[in-house]
Number of protein chains: 2
Amino acid sequence: MLEIPNRDRKRERRESVRVEILEAAWTLARDHGLPGFTLREVARLVGMQAPSLYTHFDSRHAIIDAMFGQAWRECGLAMEAVAPEHPLPARAWLRLAAHSYFDFCTSDPVRNQLMNQRSVPGFVPTAESYAHAVAVLEMFTSGLATYSVTRREDIDLYTALIGGLVDAQLANDPGGDRWRRLLDRSVDMYADNVGL
Amino acid sequence: MLEIPNRDRKRERRESVRVEILEAAWTLARDHGLPGFTLREVARLVGMQAPSLYTHFDSRHAIIDAMFGQAWRECGLAMEAVAPEHPLPARAWLRLAAHSYFDFCTSDPVRNQLMNQRSVPGFVPTAESYAHAVAVLEMFTSGLATYSVTRREDIDLYTALIGGLVDAQLANDPGGDRWRRLLDRSVDMYADNVGL
DNA sequence: GTCTATACACCGATAGAC
DNA sequence: GTCTATCGGTGTATAGAC
């Protein structure tokens with residue numbers, strides 16, 4: 001059969017164009033903010049006319065949705081070291097998880113805005129993209145469960161604590177480490193509270 | 001002298017128009033999101049043509065800046081009960097401050113987005129508007145100082161903790177109380193950590 | 001199938017008449 | 001101070017060339 005390889009080539013080509021478009025979108029978003037990047041600029045950056053983008057994405061929201069999914073998927077990869085197959089003492093794991101997530105989020109303010117803040121008015125992630133976000137939360141919950149932290153309030157407190165440090169860092173000291181330096185102390189504070 | 005009262009009347013009239021414009025902007029922002037409200041809709045709501053708004057505000061950003069200052073000023077008023085002239089035991093004060101701020105922020109998601117997240121790409125608050133935000137932070141720092149909490153790290157941890165709960169509540173359970181119920185516990189956790 | 005060309009309705013902002 | 005007219009820009013969509 002020759003058809004399958006041909007189809008694959010085509011799919012690959014299409015996929016690479018999609019990736020190219022997304023990279024252009026990220027570049028522009030980092031420069032002009034998330035609501036600031038325009039389809040015409042994205043098209044210009046990849047050497048197309050604006051309407052041609054609609055061949056690869058149904059709408060501007062679809063591009064943003066793909067970026068959302070991509071961001072959370074990469075977050076999951078960045079947190080691979082936190083996966084349950086690496087057994088650690090409780091506080092060491094809490095620290096590792098916190099640092100992995102914190103560093104990933106603060107390394108790209110615009111990406112964090114898309115991931116964690118409802119910053120694009122009409123945008124609601126598709127189920128497929130949202131699944132990647134749920135997967136990351138699942139890494140936290142299953143990791144905590146390893147140390148018998150299973151109550152929802154305990155999990156909620158941990159995510160709010162780390163998320164608060166991320167937001168404070170990005171909002172008040174972007175590029176610095178004023179709140180990053182509070183990570184370990186925050187983890188200990190939390191561990192004391194839940195009795196770890 | 002008759003001139004002064006006339007001038008005052010004029011100033012009052014102008015000021016009331018400004019307030020009317022801001023109220024319309026808030027109404028639309030709550031409905032369509034912060035980037036969603038348009039000058040044409042604001043104008044229509046106050047019975048003007050869009051360009052006439054430029055008589056009262058220099059730009060769309062200027063309207064947003066006024067909203068920013070207004071929001072933080074109202075936040076300061078809502079936290080009057082936390083002012084240092086009301087002596088309280090340390091943890092009682094921490095709880096009161098946390099609840100006042102939390103309830104104010106979560107009662108209006110769009111307002112919180114404007115206050116605490118860099119959600120409008122080109123927007124940087126003017127010094128005058130930003131001063132109102134600094135004043136609220138000052139209420140926290142001076143309040144904490146009452147209980148000999150003066151180290152910057154301790155203050156930063158407190159603000160990040162409360163802010164994290166606010167953001168988690170708004171992002172994951174808007175209108176609910178899933179993270180609000182963690183406020184008192186969080187305050188105790190913090191108080192334990194700083195030795196109060 | 002993929003792209004170019006073009007149109008639409010809307011946006012923030014400005015110029016100038018009254 | 002408010003208006004009309006208008007500018008260059010936007011996201012979106014369709015028609016039609018190759």
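Per chain, numbering begins at 1; letters A, B, ... match sequence-line order. Just so it is clear, the structure is predicted and the values come from calculations on it, not from any experiment.
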**Message:** Under 4.0 Å, counting only non-hydrogen atoms across every strand here, what does A:R14 touch: a base, just sugar-phosphate, or nothing?
**Reply:** sugar-phosphate
**Asked** Any sub-3.5 Å donor-acceptor pair from A:T27's side-chain atoms to A:E23's backbone N or O?
**Response** yes
**Prompt:** Should B:Y54 and B:I64 be regarded as members of a common hydrophobic cluster, given that ILVMFWY residues are connected when their side-chain heavy atoms come within less than 4.5 Å of each other, either directly or indirectly?
**Reply:** yes
**Request:** To the nearest 0.5 angstrom, please state how far the NE2 atom of B:H32 sits from the CZ atom of B:F37.
**Result:** 12.0 Å
**Asked** Can you find a pair of side-chain heavy atoms, one from A:R185 and one from B:D154, that are under 4.5 Å apart?
**Response** yes
**Among A:Y101, A:Y147, A:Y190, the one residue meeting ring-ring contact (aromatic ring centres under 6.0 Å, His included) with A:Y158** = A:Y190
**Cation-aromatic face contact B:R111/B:F68, 6.0 Å, 45 degrees** = no
**Item:** Among A:T106, A:L183, A:L170, the one residue meeting side-chain contact (heavy atoms from CB on, under 4.5 Å) with A:L165
**Value:** A:L183
**Asked** Is a side-chain donor-acceptor pair under 3.5 Å present for B:S52 with B:T55?
**Response** no
**Message:** Contact list please: residues 29-53 of chain B against DNA chain D, heavy atoms, distance less than 4.0 Å, in numerical order.
**Reply:** B:M48, B:Q49, B:P51, B:S52
**Complete:** Min and max contacting nt of DNA chain D in 5' to 3' order, chain A heavy atoms within under 4.0 angstrom, are D:dT10 to D:dT14
**Prompt:** Between C:dT4 atom P and A:H56 atom NE2, what is the distance in whole Å?
**Reply:** 10 Å
